[in-house]
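Positions are given from 1, in the same order as the sequence printed here.
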Amino acid sequence: MSEPNPYMDSGGYQWGPDQPPGVPGYGYGYPQGPLAPMGGPGAPLLSIGDITVFQDSIITPAGTLPLKGAVWSATDMSRTDERIPNVGIVLAVVFAVVCLLGLFFLMMKEKVTTGFIQVTVTSGGRYHSTMIPATGPDTIHWVMGQINYARSLSI
């Protein structure tokens, strides 16, 4: 390992851009400056999709909105369907030979929820909307609980 690199250019070329003296090179290590400006908004109180609520402001990809006087709304665009699962159909066909016992497997049902819940916030003349995927029939209740908490902070 102490032998020199046989593939190194005789001119002393090293990979990467030239660095002025005193500037640390590339690689792992501690960051040289602060990662975020000091005196930020504090810890987030609530996060709904890409909307984050702080003590006195709402941060969205569209910009920062004031929390005071914000208007929140939600629209449920999800639906829950009830259907026979594939395993029920297969078992019904397999056991149909045995005295129509397989018809009981057609009584198996599963609920499938698809769609989104749209959350909208308006404040300070600005507007932002986000979509939350509905993972079950109770997703709207979770989102409405979050929005009601955000409404209580906006007063």
Side-chain angles (χ1 to χ4, degrees), residues 15-20 22-155:
W15 182 83
D18 293 334
Q19 294 289 329
V23 176
Y26 291 103
Y28 297 103
Y30 295 104
Q32 298 301 319
L35 296 177
M38 301 306 257
L45 301 175
L46 173 68
S47 181
I48 304 172
D50 58 0
I51 300 171
T52 306
V53 179
F54 289 92
Q55 190 69 31
D56 59 348
S57 62
I58 304 166
I59 297 181
T60 67
T64 302
L65 293 85
L67 180 61
K68 190 83 168 163
V71 178
W72 297 85
S73 65
T75 306
D76 186 9
M77 297 187 293
S78 65
R79 69 178 212 195
T80 302
D81 295 328
E82 191 172 292
R83 64 182 181 99
I84 301 171
N86 293 338
V87 68
I89 295 171
V90 170
L91 289 173
V93 170
V94 170
F95 286 103
V97 179
V98 182
C99 192
L100 301 178
L101 182 65
L103 294 178
F104 285 111
F105 289 109
L106 294 177
M107 294 174 57
M108 294 173 61
K109 301 289 183 190
E110 72 176 351
K111 291 184 178 182
V112 177
T113 302
T114 57
F116 293 91
I117 298 158
Q118 182 181 22
V119 177
T120 303
V121 61
T122 305
S123 180
R126 300 180 90 175
Y127 162 88
H128 182 71
S129 177
T130 187
M131 303 289 266
I132 309 293
T135 57
D138 57 341
T139 305
I140 183 66
H141 303 294
W142 173 80
V143 170
M144 287 307 296
Q146 298 288 321
I147 288 177
N148 287 333
Y149 178 59
R151 285 177 181 159
S152 70
L153 295 172
S154 298
I155 295 176

Legend entry - Value rounded to 0.5 Å, distance of CD1 in Ile132 from OG in Ser78: 12.0 Å
Legend entry - Ile84 side, atom CD1; Met108 side, atom CE - distance, nearest 0.5 Å: 9.5 Å
Inset, instruction - Supply the atom-to-atom distance Tyr127 OH to Thr60 OG1, rounded to the nearest 0.5 angstrom. - result: 11.5 Å
Inset, instruction - Assess whether side-chain contact (heavy atoms from CB on, under 4.5 Å) is satisfied between Leu103 and Leu106, documenting all intermediate values. - result: CA-CA 5 Å; Leu103 294 178; Leu106 294 177; 4.0 Å; yes
Inset, instruction - Of all the heavy-atom pairs spanning Pro61 and Asp50, show the shortest one and how long it is. - result: CG-OD2, 3.4 Å
Inset, instruction - Return yes when atom CZ of Arg83 has more than 12 non-hydrogen atoms of other residues, nucleotides or ligands closer than 6.0 Å, and no otherwise. - result: yes
Legend entry - Nearest-0.5 Å distance that lies between atom CD1 in Ile51 and atom OG1 in Thr130: 5.5 Å
Legend entry - Smallest separation among heavy atoms of Arg126 and Gly63, with atom names: NH1-CA, 3.9 Å
Which donor-acceptor pairs under 3.5 Å do the side chains of residues 143-152 make with protein atoms, sequence neighbours left out?
{"from": "Asn148", "atom 1": "OD1", "to": "Arg151", "atom 2": "NH1", "distance (Å)": "3.2"}
{"from": "Asn148", "atom 1": "ND2", "to": "Met144", "atom 2": "O", "distance (Å)": "3.1"}
{"from": "Arg151", "atom 1": "NE", "to": "Trp72", "atom 2": "O", "distance (Å)": "3.4"}
{"from": "Arg151", "atom 1": "NH2", "to": "Trp72", "atom 2": "O", "distance (Å)": "3.0"}
{"from": "Ser152", "atom 1": "OG", "to": "Tyr149", "atom 2": "O", "distance (Å)": "2.6"}

Name the atoms and distances for all side-chain donor-acceptor pairs under 3.5 Å in residues 111-122, with sequence neighbours left out.
{"from": "Thr113", "atom 1": "OG1", "to": "Thr80", "atom 2": "OG1", "distance (Å)": "3.1"}
{"from": "Gln118", "atom 1": "NE2", "to": "Ser129", "atom 2": "OG", "distance (Å)": "2.9"}

Inset, instruction - Give the minimum heavy-atom separation between Thr64 and Ser57, together with the two atoms involved. - result: CG2-CB, 3.8 Å
Inset, instruction - Please say which of Leu46, Leu67, Leu153 ends up in a side chain to side chain contact (heavy atoms under 4.5 Å, CB included) with Ile58. - result: Leu67
